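What follows is one structure encoded as structure tokens, with my remarks underneath.
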Amino acid sequence: MDWMKIFSALALVMFIVFLFPRARDMMKNTPKGSSSDWMSFVIPIIAIVLFIMLLIQLV
Amino acid sequence: MNQNYSAVAQRSPSALATSKVLRNTYLLLSLTLLFSGFTAVISMAMNMPPMTYLISVIGAMVIAMFVLPRFANSTAGIGIVFLVTGMLGFGLGPILSMYASLPNGGNIIMLSLGGTGVIFMGLSAYVLATRKDFSFLGGFLMVGFLLVLIAALANIFLAIPAMSLMISAVVIMIMSGFILYDTSRIIHGGETNYVLATIGLYMTIFNIFISLLQILGIMGGDD
């Protein structure tokens, strides 16, 4: 249904416009992470990727 | 020595407040998840059309973004959280009905549900055990989320299945990051309102579940 696509697109555009200033503020005010901080984020994310691959095998 | 005792004594009220926020957040989160499961079952029983999902999600997002923050410090905020999560659950009904009608649909739904639970509990346990401060992720996650929304907007018209799969995978990564970020904010006193904390965590769980459904649906050869 085309009207559903247009409706979804409009909703997404509004959401992006709403979030944009918040994202800009967060970019300015977020403290910088050290390499060990980033590693503590990357490790669980890799675990999740592996877990999703396991779930795909189970389907 | 006295300084240490005094430091502990000073920290205690704040630590108590933090653990109270965390406990209230998890309590409200479990109740809202049960409630949205209930509304999803009602929606499935009523055989709602697919457009219900779109209308419910847009309605819930508008209420969560514009109405909830005004009532977050009052008891009405709890009612609004139930309204938002109930609407999102109701919107899930037609999606679940569609997957349930597939030959392997029941398995896909159960795996997505279980997978979402494992991801959420695993990441929450990781933050609670390490007590690491993930505030440095804020800007990165917001920009990543905006980029995913732009990609999703493009894919509404492009309708490329591989891109859809990629978007779902990235959404899971970003939402996982938000679980780390939000939970860390609660335990470090950055979020003191359990109503807002609950809606944030609920949204991450909802997005992970929808994305897992899509990934497992496509990879299960059903799309």
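Note that the coordinates shown come from a computational prediction; the quantities given were computed from them, not determined experimentally. Chain A is the first sequence line, chain B the second, and so forth, proteins listed ahead of strands; every chain is numbered from 1.
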Residue part contacting chain A, namely of B:Ile156, when any heavy atom lies under 4.5 Å
both
Region of B:Tyr181 that comes under 4.5 Å of a non-hydrogen atom in chain A
side chain
Under a 4.5 Å heavy-atom cut-off, does chain A meet the side chain of B:Ile150, its backbone, both or neither?
both
Measuring heavy-atom distances to chain B, does A:Phe18 have an atom under 4.5 Å in its side chain, in its backbone, in both, or in neither?
side chain
For chain B, which of A:Pro31, A:Ala9, A:Ala47 has the most heavy-atom pairs under 4.5 Å?
A:Pro31
Which atoms of A:Phe41 are under 4.5 Å from chain B, going by heavy atoms: the side chain, the backbone, both sets, or neither?
both
Test item: B:Met219 and A:Leu55 side chains (from C-beta on) under 4.5 Å apart, heavy atoms
no
Pick out which of B:Leu212, B:Ile215, B:Ile218 makes a side-chain contact (heavy atoms from CB on, under 4.5 Å) with A:Ile56.
B:Ile215
Atom pair CG (B:Leu146) and CZ (A:Arg24), whose distance is rounded to the nearest 0.5 Å
11.0 Å
With rounding to the nearest 0.5 Å, note down the distance linking CE in A:Met27 to CZ in B:Phe140.
10.5 Å
Whatever's closer than 4.5 Å to a heavy atom in chain A on B:Leu153 counts as both
Kindly indicate whether the side chain of B:Met51, heavy atoms from C-beta on, has any atom under 4.5 Å from the side chain of A:Trp3.
yes
Roughly how far apart are A:Ser34 OG and B:Phe136 CZ, rounded to 0.5 Å?
7.5 Å
Side chain, backbone, both or neither: which part of B:Leu54 has a heavy atom under 4.5 Å from chain A?
side chain
Inspect the surroundings of CE in B:Met110 and state if more than 12 heavy atoms from other residues, nucleotides or ligands are less than 6.0 Å away.
no
Whatever's closer than 4.5 Å to a heavy atom in chain A on B:Ala169 counts as neither
Chain A contact via B:Leu149 - side chain, backbone, both or neither, heavy atoms under 4.5 Å
both
If you measure from CZ on A:Phe7 to CD1 on B:Ile55, what distance do you get to the nearest 0.5 Å?
6.5 Å
A quick test of your reading: do over 12 heavy atoms of other residues, nucleotides or ligands sit less than 6.0 Å from CE of A:Met26?
yes
Which residue out of A:Leu58, A:Leu19, A:Ile48 racks up the most heavy-atom pairs below 4.5 Å with chain B?
A:Ile48
Of the non-hydrogen atoms in B:Ser135 and A:Thr30, which two are nearest, and what is the gap between them?
O-CG2, 3.4 Å
Interatomic distance, B:Leu123 atom CG to A:Ile45 atom CD1 [nearest 0.5 angstrom]
6.5 Å
Rounded to the nearest 0.5 Å, what separates atom CG in B:Asn155 from atom OG in A:Ser8?
12.0 Å
Can you name the closest pair of heavy atoms from B:Leu180 and A:Pro44 and give their distance?
CD1-CG, 4.3 Å
What are the two closest non-hydrogen atoms of A:Ser40 and B:Lys132, and how far apart are they?
OG-CE, 2.8 Å
If you count heavy-atom pairs under 4.5 Å with chain A, which of B:Met173, B:Met61, B:Met65 comes out on top?
B:Met65
Among B:Val62, B:Val143, B:Leu137, the residue with the most heavy-atom pairs under 4.5 Å to chain A is B:Leu137
